[in-house]
2 protein chains.
Amino acid sequence: MRTQVVTIHDVARAAGVSPATVSRVFNGGNVTPARAQSVQEAAAALGFAPNRVARSLRKQRSSVIALIIPDIENPFFTSLARGVEDAAQRTSLSVVLCNSDEDTDKERRYLEVALGEQMAGVIVAAASRDETDLGPLTARGVPVVAVDRRPRDAEVDAVRVDDRHGGEVATRHLVRAGYRRIACITGPAGASTSEERLAGYRAALHSAREEGVVGDDAYVRHADFRVEGGRAAMRDLLALPEPPDAVFVANNLMTIGVLDALGEVGRTPPGVGVLSFGDVPWASLVRPSLTAVELPSYELGRTAADLLLQRMEGSASPLQTVVLRTTLQVRESTAGPLTN
Amino acid sequence: MRTQVVTIHDVARAAGVSPATVSRVFNGGNVTPARAQSVQEAAAALGFAPNRVARSLRKQRSSVIALIIPDIENPFFTSLARGVEDAAQRTSLSVVLCNSDEDTDKERRYLEVALGEQMAGVIVAAASRDETDLGPLTARGVPVVAVDRRPRDAEVDAVRVDDRHGGEVATRHLVRAGYRRIACITGPAGASTSEERLAGYRAALHSAREEGVVGDDAYVRHADFRVEGGRAAMRDLLALPEPPDAVFVANNLMTIGVLDALGEVGRTPPGVGVLSFGDVPWASLVRPSLTAVELPSYELGRTAADLLLQRMEGSASPLQTVVLRTTLQVRESTAGPLTN
DNA sequence: CCTGCCGCTGAAAAGGATTTCATCCCTTGA
DNA sequence: TCAAGGGATGAAATCCTTTTCAGCGGCAGG
């Protein structure tokens with residue numbers, strides 16, 4: 001129950017040196033080998049573990065980096081997290097994960113924690129394009145990388161995918177497959193990914209006007225990037241006088257809800273075309289197989305971490321935005337309306 | 001780039017009081033209302049944000065709690081994490097998540113971080129029953145709760161499910177459904193959940209000997225609690241001269257691998273019975289529907305957090321282990337070998 | 001032999017908050 | 001009216017480590 005079992009002073013006393021020397025032993029200063037060894041031994045004997053809080057206070061920087069994601073239950077983000085971890089693994093930094101739950105308040109709190117705990121760096125997939133404020137962090141010189149989602153006006157490095165282009169390619173694919181009433185279920189209006197993917201959808205529809213494709217916002221729904229939101233939005237679309245014959249769903253979890261809603265009314269792909277932006281988790285179990293825009297989630301995380309590490313090492317190169325490519329993986333769920 | 005933009009001293013000077021008074025304003029000490037207000041105003045005007053590191057150093061305790069889980073890509077653990085978060089939400093504590101990746105080294109590192117960062121508490125789903133050492137934390141009086149998995153000899157509160165009983169009920173169900181060569185794919189030998197679920201399986205088989213059920217360790221496989229491990233183990237079982245006609249899979253992700261492996265050779269449940277310990281994520285999409293032992297993952301997290309919070313508030317009641325019940329949810333995948 | 005330099009070392013300051021302790025002043029009860 | 005008590009306040013100690021600075025001793029070059 002003692003508070004600090006053993007400090008650097010105790011080690012110093014045991015080894016017959018000053019605390020400064022003990023510190024140098026553990027931080028690579030110049031110390032005579034013999035003395036260094038006796039310090040090591042004393043530390044081991046006493047079970048000394050450095051107080052990271054005191055160290056952070058003095059160094060004005062801790063040795064952990066924060067990864068703030070909006071939905072820990074979305075495999076896309078956990079895969080991204082793995083990428084970040086694996087990149088950090090090679091350094092002495094630890095990664096802690098914070099789940100903002102798409103809630104800007106929670107997110108703000110975590111950003112405050114990151115600032116107050118003097119974290120060495122922050123990677124954030126922003127809950128909101130407008131409300132996420134990275135200013136305090138950047139103002140204090142904390143390296144920050146925005147991943148997947150880009151807060152507006154933030155002066156930070158960024159890594160994302162070509163959302164707009166991916167959305168356009170996906171929608172065009174539905175057009176070519178023969179669908180004519182193509183709906184879009186996208187995410188919350190505040191998120192950059194929602195907007196971009198929707199923009200891609202709109203662009204594709206716009207250029208397909210002559211082909212008799214309905215381009216109408218009556219077929220656009222904003223949901224919450226979660227299963228339930230997708231389900232509700234799909235139900236809503238199905239209740240239209242003239243329901244869509246295909247749907248472009250802007251993320252993986254909402255696609256699950258969409259498939260559920262379709263199942264409820266006995267309709268299945270590809271009779272109704274379903275195209276997911278982002279692979280549905282464990283898609284191998286889903287029948288029919290799902291056409292999806294594949295996202296390099298792991299690489300997104302790894303790239304973000306690499307960028308962050310560069311900045312932490314003092315790189316002063318101008319801010320950069322890395323855009324990773326998505327690829328459309330065509331499978332059975334968009335085989336066309338006529339086949340069914 | 002300034003290190004500490006504004007400290008409690010700056011606020012004190014601006015408000016014409018001492019730093020002690022500023023501290024009291026933010027920590028609920030006795031301060032004259034008028035003075036308190038002028039401090040608040042000064043703090044707001046200067047954009048003061050308390051340095052949590054300094055605070056932690058002085059208080060010998062930070063205001064974050066760590067949740068260490070072995071697989072961030074397993075929805076079981078992310079759901080558990082949500083439970084922890086929601087419970088912590090009601091306090092001023094923040095939760096950070098650490099992914100040990102079933103790796104005792106990574107886990108040890110995170111435990112060191114938790115100790116060194118003087119975290120207010122730790123909830124851990126141990127990567128190993130024997131190698132996970134919670135001693136340093138408990139020795140320093142940090143409240144610790146073991147969740148889901150129980151490290152041997154650890155002097156901590158624990159929350160888990162009735163793994164053994166659940167495994168027994170599940171296996172008995174397979175027997176009653178008519179399966180006779182029942183395999184078990186369990187997790188790594190070091191994890192308590194692996195062992196317990198396997199023990200339940202063995203107990204059920206043992207008492208079913210007279211019914212012609214094969215109870216033989218040739219049908220037991222240890223895998224890694226992941227998709228690939230499940231797939232490999234199932235392939236291995238299918239290669240036996242007399243392959244099993246049912247399999248009890250000790251976790252959700254391995255079940256996905258099992259289903260894949262079965263699909264590869266054109267066999268599907270319930271021809272081969274498949275029973276999963278823990279619901280497969282987004283099971284609604286899986287056909288046939290899967291019989292599973294349902295686990296209260298969210299409640300596991302919430303209960304663990306509640307226990308932790310009690311300890312942090314100083315509860316001195318004797319150590320307790322809370323065991324939550326599992327329920328067998330019978331569905332199509334174990335309808336019996338004859339129906340197919 | 002002297003000077004200068006360099007490497008090693010310890011004393012002490014610094015980092016920013018909380019908390020103890022002493023002080024002051026005001027209120028209340030006798 | 002006086003004493004006791006209690007609330008509000010500030011000075012200073014404290015938490016533990018890193019880092020600066022100065023000093024010391026030894027070595028090399030002049």
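None of the values given here were measured: they were computed from a predicted structure.
Put simply, Ser23(B) has a side-chain N or O that comes within less than 4.0 Å of OP1 or OP2 on dT18(C). Listed pair Arg35(A) / dG7(C) fails the phosphate criterion, with no side-chain N or O lying under 4.0 Å from OP1 or OP2. OP1 or OP2 of dT18(C) has at least one side-chain nitrogen or oxygen of Arg55(B) nearer than 4.0 Å.
Each of His9(B) and Pro19(A) lies near DNA chain C, and the nucleotide nearest Pro19(A) is the one positioned closer to the 5' end. The residue among Asn27(A) and Arg58(B) whose nearest nucleotide of DNA chain D is located toward the 5' end is Arg58(B).
Salt-bridge check for Arg108(B) with Asp133(B): failed, with every basic side-chain N at 4.0 Å or more from each acidic carboxylate O.
When heavy atoms are screened at a 4.0 angstrom cut-off, Thr32(A) is found touching the sugar-phosphate backbone but no base atom. At the heavy-atom level, Arg52(B) lies nowhere under 4.0 Å from the strands shown. Contacts of Val53(B) with the nucleic acid, taken as non-hydrogen atoms under 4.0 Å apart, are absent. Residue contacts for Val31(A): at a heavy-atom cut-off of 4.0 Å it reaches the sugar-phosphate backbone alone, with no base atom in range.
Here dC16(D) presents its C1' atom at 18 Å from NZ of Lys59(B), a figure rounded to the nearest Å. Going from atom CG of Asp10(B) over to atom P of dG16(C) covers 9 Å, rounded to whole Å. With rounding to whole Å, Arg24(A) atom CZ is found 12 Å from dA12(C) atom C1'. Rounded to a whole Å, the CD atom of Gln118(B) is 9 Å from the C1' atom of dC16(D).
Counting only heavy atoms from C-beta on, Ala20(A) has its side chain closest to dT19(D) among dG10(D), dT19(D), dA13(D). In this structure, of dT20(C), dT18(C), dG10(C), it is dG10(C) that holds the atom nearest to the side chain of Ser18(A). Considering only the side chain of Val17(A), dG10(C) comes nearest among dG7(D), dT17(D), dG10(C). Set against dT9(D), dT18(D), dG15(C), the side chain of Thr21(B) has dT9(D) as its closest nucleotide. The side chain of Ala54(A) lies closest to dT17(D), out of dG10(D), dT17(D), dT9(C). Between dT18(C), dA11(C), dG15(C), one nucleotide has an atom nearer to the side chain of Gln60(A) than all others, and that is dG15(C). With dG16(C), dA8(D), dA14(C) as the choices, the nucleotide that has an atom nearest any side-chain atom of Leu57(A) turns out to be dG16(C). Checking dT20(D), dC8(C), dG16(C) against every side-chain atom of Asn30(A), the shortest atom distance belongs to dC8(C).
Taking the six-membered ring wherever Trp is involved, the centroid distance between the rings of Phe225(A) and Phe77(A) does not fall below 6.0 Å.
The structure places CG of Asp101(B) at 7.0 Å from CG of Asp86(A), a figure rounded to the nearest 0.5 Å.
Donor-acceptor pairing under 3.5 Å is lacking for the side chains of Ser56(B) and Ser62(B). For the residue pair Gln37(A) / Glu41(A), a side-chain donor-acceptor distance below 3.5 Å is found, with atom types taken as modelled.
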Checklist entry - Going through the distances and angles, do Asp153(B) and Arg129(B) end up as a salt bridge (charged side-chain N to carboxylate O under 4.0 Å, His left out)? => result CA-CA 9 Å; Asp153(B) 307 326; Arg129(B) 195 188 36 194; over 6 Å; no

